[in-house]
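Just below is one structure, and these are the notes that go with it.
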Amino acid sequence: MGVTNKKSKAQDSADGRYGPKQMSSLQASALSINGPPTLDGAATLDGAATLDGAATLDGAATLEKAAPALRKALLTWYGEQGRDLPWRRSRDPYAIWISEIMLQQTQVKTVLPYYQRWLATFPTVADLAKAEQQTVLKSWEGLGYYARARNLHRTAQLIVERHGGIFPEDFDAAIALPGIGRTTAGGILSAAYNLPVAILDGNVKRVLARLVALPKPPAKAMNQLWQLSEQILDPQQPRDFNQAIMDLGATLCTRHRPSCLLCPWQAHCTAYRQNLQSELPMTESRAPLPHKQIGVAVIYDQDGRILIDRRKQEGLLGGLWEFPGGKIEPNETVEDCVKREIKEELAIEIEVNDRLITVNHAYSHFKVTLNVFNCTHLSGEPQTIECDEVKWVTLDEIDSYPFPKANGQIIDAIKARVQQG
DNA sequence: TAGACGTGGTA
DNA sequence: TTACCAAGTCT
């Protein structure tokens with residue numbers, strides 16, 4: 001029963017220090033004391049030139065000198081204000097690894113219920129390793145970035161095969177595992193084994209960018225930021241330090257309205273000293289997201305079953321199920337698109353009937369409109385031309401298959417329609 | 001090295 | 001409503 005947390009003695013004593021975080025509402029209004037931004041155009045890369053002289057804490061020597069005070073202030077603050085998070089109550093490398101993967105580009109609040117359910121479903125590495133991928137993806141359904149789930153599954157098998165079922169303590173071995181990069185490796189090794197390995201997640205980037213008033217977007221200064229993170233890390237308490245600096249970024253040194261008056265690093269922060277905390281870190285402007293129009297078919301057979309297909313492993317939503325369809329070509333009606341795509345991808349003939357629903361959805365790098373039509377199967381056995389698998393399923397069975405978020409609205413619409421008769 | 005890769009929250 | 005952001009990794 002690996003579900004329950006096995007607490008070490010060190011853990012028990014440490015837990016008492018983590019009080020629930022209380023954010024004061026005073027901080028927000030206090031910030032308005034700071035005058036208007038002095039840095040025109042600082043939010044864009046082109047304004048970099050106006051930041052001359054901002055990098056006060058530039059040299060490694062300066063940081064080296066300030067490091068002991070910074071560490072002490074941060075760890076004291078963490079002891080009083082650190083968040084009480086379930087994975088921090090564990091020293092089980094497996095549980096910590098799961099949390100680190102789930103937390104990639106995902107907020108704590110979103111992860112919490114998934115984390116609890118996951119450990120109940122897959123209590124140990126061995127349980128995860130021997131599970132079916134479909135079960136793994138179903139547990140991940142809704143969290144996004146599904147390569148994380150596929151990599152988690154594969155890595156569990158590698159840990160069983162190559163590491164005796166125990167997450168490796170060696171950095172090079174850890175980073176060689178699928179889905180584990182430099183930051184995640186550092187997060188796991190420091191949290192699980194208290195090893196002095198630096199991290200550089202979104203929180204740390206923002207905190208450090210402000211601490212030194214980094215005159216460029218973090219993406220353009222990764223080497224420098226990694227160097228800073230390594231230099232500032234407390235070699236005596238790497239576990240608490242890494243957790244503490246992330247908490248600082250997540251609760252005080254936030255993107256908007258940072259709570260500088262409560263910050264343990266206020267006295268050392270170059271951005272605060274120059275009143276640039278609202279302008280930093282710098283960001284690069286992006287091009288607007290492309291928008292795709294998609295034709296989607298909900299195909300019924302004579303028995304009222306519905307045709308679904310499993311997407312290929314690689315790429316967007318890999319391994320998940322979906323309703324077949326494809327991109328609408330220029331000068332093509334949605335109905336023509338649906339009929340054409342189904343013939344091309346599944347080699348069957350269908351009749352396109354009425355529109356079921358229209359779903360708008362935004363992915364990280366493009367937007368889609370799903371134009372969903374009810375269809376009737378006319379002839380042909382579905383072939384797996386553009387997918388890994390096809391299946392006729394009943395409405396009761398459909399809930400056991402992992403679907404992307406945007407498909408959830410389609411399933412709801414099908415159910416609503418069936419109930420109406 | 002920059003783009004692919006999800007979803008929910010927020011201003 | 002739109003745009004940006006949040007405990008990144010892979011190619």
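Below, read A as the first sequence line, B as the second, and so on, with proteins coming before strands; counting in each chain starts at 1. Computed from heavy atoms alone, side chains included, the values below leave out hydrogens, waters and symmetry copies.
Distance alone, capped at 3.5 Å, is enough to place a donor-acceptor pair between the A:D247 side chain and the A:R83 backbone. Under a 3.5 Å cut-off, the side chain of A:R255 and the backbone N or O of A:P281 do form a donor-acceptor pair.
If you take CD of A:Q313 and P of B:dC5, they are 14 Å apart, rounded to a whole angstrom. What separates CD of A:E314 from C1' of B:dG3 is a distance of 18 Å, to the nearest Å. To the nearest angstrom, C1' of B:dA4 lies 9 Å from CG of A:L316. Remark: C1' of B:dC5 and CG of A:L143 are 14 Å apart, rounded to the nearest angstrom.
Residue A:G318 is out of contact with every strand shown, counting any heavy-atom pair closer than 4.0 Å. Residue-level contact check: A:A362 touches the bases, meaning some heavy atom is under 4.0 Å from a base atom.
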Self-check item: Contact state string [nucleotides 1-11 of chain C, B base, S sugar-phosphate only, - no protein heavy atom under 4.0 Å]
Solution: --S-SBBBSS-
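To the nearest whole angstrom, the two P atoms, one in C:dC4 and one in B:dA4, are 16 Å apart. If you take atom P in C:dT2 and the same atom in B:dC5, they sit 23 Å apart, rounded to whole Å. Taking atom C1' on both B:dT1 and C:dG8, the two are 16 Å apart, rounded to the nearest angstrom. Between B:dG6 and C:dT11, the two P atoms lie 14 Å apart (nearest whole Å). One P atom belongs to B:dA11, the other to C:dA7, and the distance between them is 15 Å to the nearest Å.
For the 3.5 Å distance criterion, the side chains of A:Q243 and A:R88 qualify, holding a donor opposite an acceptor. In this structure, a donor-acceptor pair under 3.5 Å is absent between the side chains of A:E100 and A:W87.
A salt bridge is absent between A:E345 and A:K312; no separation between the charged side-chain nitrogens and carboxylate oxygens falls under 4.0 Å. Note on A:D234 versus A:K72: no salt bridge recorded, every NZ/NE/NH1/NH2 to OD/OE distance being 4.0 Å or above.
Between A:F403 and A:F323, the gap from one ring centroid to the other is short of 6.0 Å.
Residue-to-nucleotide proximity on DNA chain B shows that, of A:A219 and A:L317, the 5′-proximal contact is made by A:A219.
Contact between the side-chain N/O atoms of A:K405 and the OP1/OP2 oxygens of B:dG8 is found at a separation under 4.0 Å.
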